[in-house]
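Just the heavy atoms: all of them, side chains too, but no hydrogens, waters or symmetry mates, feed the values below. Residue indices begin at 1 and follow the sequence shown. Note that ligands are numbered from 1 as they come in the structure, with each ligand's atoms numbered from 1 the same way.
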Amino acid sequence: MKKLLSVLLACIMVFSLASCNSSSKETTADKKDGDLIVVGYAQVGAESDWRTANTVSFQSTFVEENGYKLIFDDAQQKQENQIKAIRNFIQQDVDYIVLAPVVETGWETVLGEAKEAGIPVILSDRMIEVSDDSLYTCWVGGNFKKEGEDAVAWLAEYLEKEGRADEDINIVTLQGTIGSSAQVGRTDGVDGKLSEHPKWHMLDKQTGEFTQSKGQEVMESFLKSYDDIDVVIAENDNMAFGAIDAIKAAGKDPGKDIIIVSFDAVKAAFESMIAGDMNVSVECNPLHGPRVAEIIQKLEKGEKVDKIQYVDEGVFPADTAADLIDTRKY
Ligand code: GZL
C-alpha cells in the first residue's frame, strides 16, 4: 500500500512540476510574444551616412524594453529584395510593416497582399506612387522638393554676396537613385527654380546612386567633359564627398573654385564644411524611429494618424558648421 502511495505521490509531483514548467513556459512564451509589438522593417540598404543614421534610429527605438520585436531587412538598394522582405513579414504575420521604398513605383501588388493580410504599412523616408493610398497607413519623411528649392535660394544668396549675381554660372548635378522620391523631389525643386536664374546653366545631370564611389566616378567624367564648372549640386552628402575627392585630384579647390551644394547634413558634411571643401548642406532628418513608434502607439490605441508627416529640417551653410557640429545627432 505504502509503495502505491509513494508512486502516486511521485506521479503527482512530476505532473505538477511539468504543468508548472509548461505553464511557466506558456507564460514566458505568451509574455514574450503576446506583449511585444512585432515590426518588420524593409530598409533600402546601407548606401550612405544618412541611411546608417536612419537604420540606427529604428534599431535603437524598436527594442524589447520598449515593447517591440524588430525584424530588420537590408535590401542592398534592390526593390526585388524589399518585395521579398515584405512577403516574408506577411508570412510571419508581423503586427506592422515599415517600408523605406527604394523607388516610388512597383508597390501595388505586394502592398495589396499586406492589406489582404490586415497588416498596416507605414512608409518611412521615401514615398510611393500608388492609385490607392489605402495601401499605406501614413508616411514620415523629408520634404524633398522644398529641400531642392531651399538649395537654389541659398545659392542665389551666396552668389549675390560673392558679387557674382550677374555672372554666367555653370552647374552639374549628381542625382540620387533615379526614381527615388528623394531624387525626384530634389531635382524637381532645383529645376523648378532654375527658370528664375536665366544666367544659370545646367550643363549635365547623372546619377551617383547616393554613394560616394559612384559620385566620385561621375564627377571625374564631368571634369573631363566640362572645364568651366562653377557649381556641383550633389543630391546627398556622400556623393558630394566623392565629388570633392575628384575635384581635388583634378587640381581644383572644392568650396572655392567649384561651389559644393549638398543634401542630408550628416556630421561628416559639417566636418567637410569646416575644412572648407563644402559650401552648404540642406538637411534631411533621418531620425524617424521615435516618430514611427509614436504612430504605432497611436494605432495600437485605435487613434487616427495624419497620412503625411514631414520631419523638421533646415539649411546649414559652411559658416555655421563650427558652431553647430557638436549639436548634431547624426
Ligand atoms: C532621403 C534619403 C536619401 C538620402 C541619401 O530621405 O532617401 O537616401 O538623401 C540616402 O543619403 O541614400
(message) For Lys298, is the NZ atom crowded, meaning more than 12 foreign heavy atoms sit under 6.0 Å from it?
(response)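 Result for NZ/Lys298: open.
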(message) Please determine whether a side-chain nitrogen of the Lys or Arg among Arg126 and Glu104 lies less than 4.0 Å from a carboxylate oxygen of the Asp or Glu.
(response)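 Salt bridge between Arg126 and Glu104, a charged N being under 4.0 Å from a carboxylate O: no.
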Which atoms of ligand 1 sit under 4.0 Å from any heavy atom of [X]?
X	result
Ser48	5 (C), 10 (C), 11 (O), 12 (O)
Glu47	8 (O), 10 (C), 12 (O)
Asn236	5 (C), 9 (O), 11 (O)
Phe144	1 (C), 6 (O)
Cys284	1 (C), 6 (O)

(request) Using the ring pair (Phe, Tyr, Trp, His ring centres under 6.0 Å) rule, take Phe58 and Phe72 through it: C-alpha gap first, then chi angles, then the decisive distance, then the call. (result) CA-CA 9 Å; Phe58 277 90; Phe72 174 79; 8.9 Å; no
(request) Could you check which of Thr52, Asn143, Asp125 puts a non-hydrogen atom nearest to atom 6 (O) of ligand 1? (result)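 When every heavy atom of Thr52, Asn143, Asp125 is considered, Asp125 comes closest to atom 6 (O) of ligand 1.
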(message) To check your reading of the model: name the closest protein heavy atom to atom 8 (O) of ligand 1, its residue, and the distance in Å.
(response) Arg126 NH2, 2.8 Å
(message) I need the nearest protein heavy-atom contact for atom 9 (O) of ligand 1: residue, atom name and distance, please.
(response)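 Residue, atom and distance for the closest contact: Asp264 OD1, 2.6 Å.
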(message) When you measure from the centre of the six-membered ring of Phe316, is the NZ or CZ of Arg328 closer than 6.0 Å and no more than 45° off the axis?
(response) yes
(request) With Lys146 as the cation and Tyr310 as the aromatic partner, state whether NZ or CZ is under 6.0 Å from the six-membered ring centre and within 45° of the axis. (result)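 The answer is no; the distance or angle limit is not met.
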(message) Looking at ligand 1, would Arg186 count as a contact under a 4.0 Å heavy-atom criterion?
(response)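 So Arg186 counts as touching ligand 1.
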(request) Please name all residues satisfying side-chain hydrogen bond (donor to acceptor under 3.5 Å, both in side chains) with Gln76, sequence neighbours left out, ordered by chain then number. (result) none
(message) I'd like to know if the side chain of Glu116 and the backbone of Gly112 have a donor-acceptor N/O pair within less than 3.5 Å.
(response)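 No.
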(request) Before signing off on this row, confirm whether Arg51 and ligand 1 have an N or O atom pair separated by under 3.5 Å. (result) yes
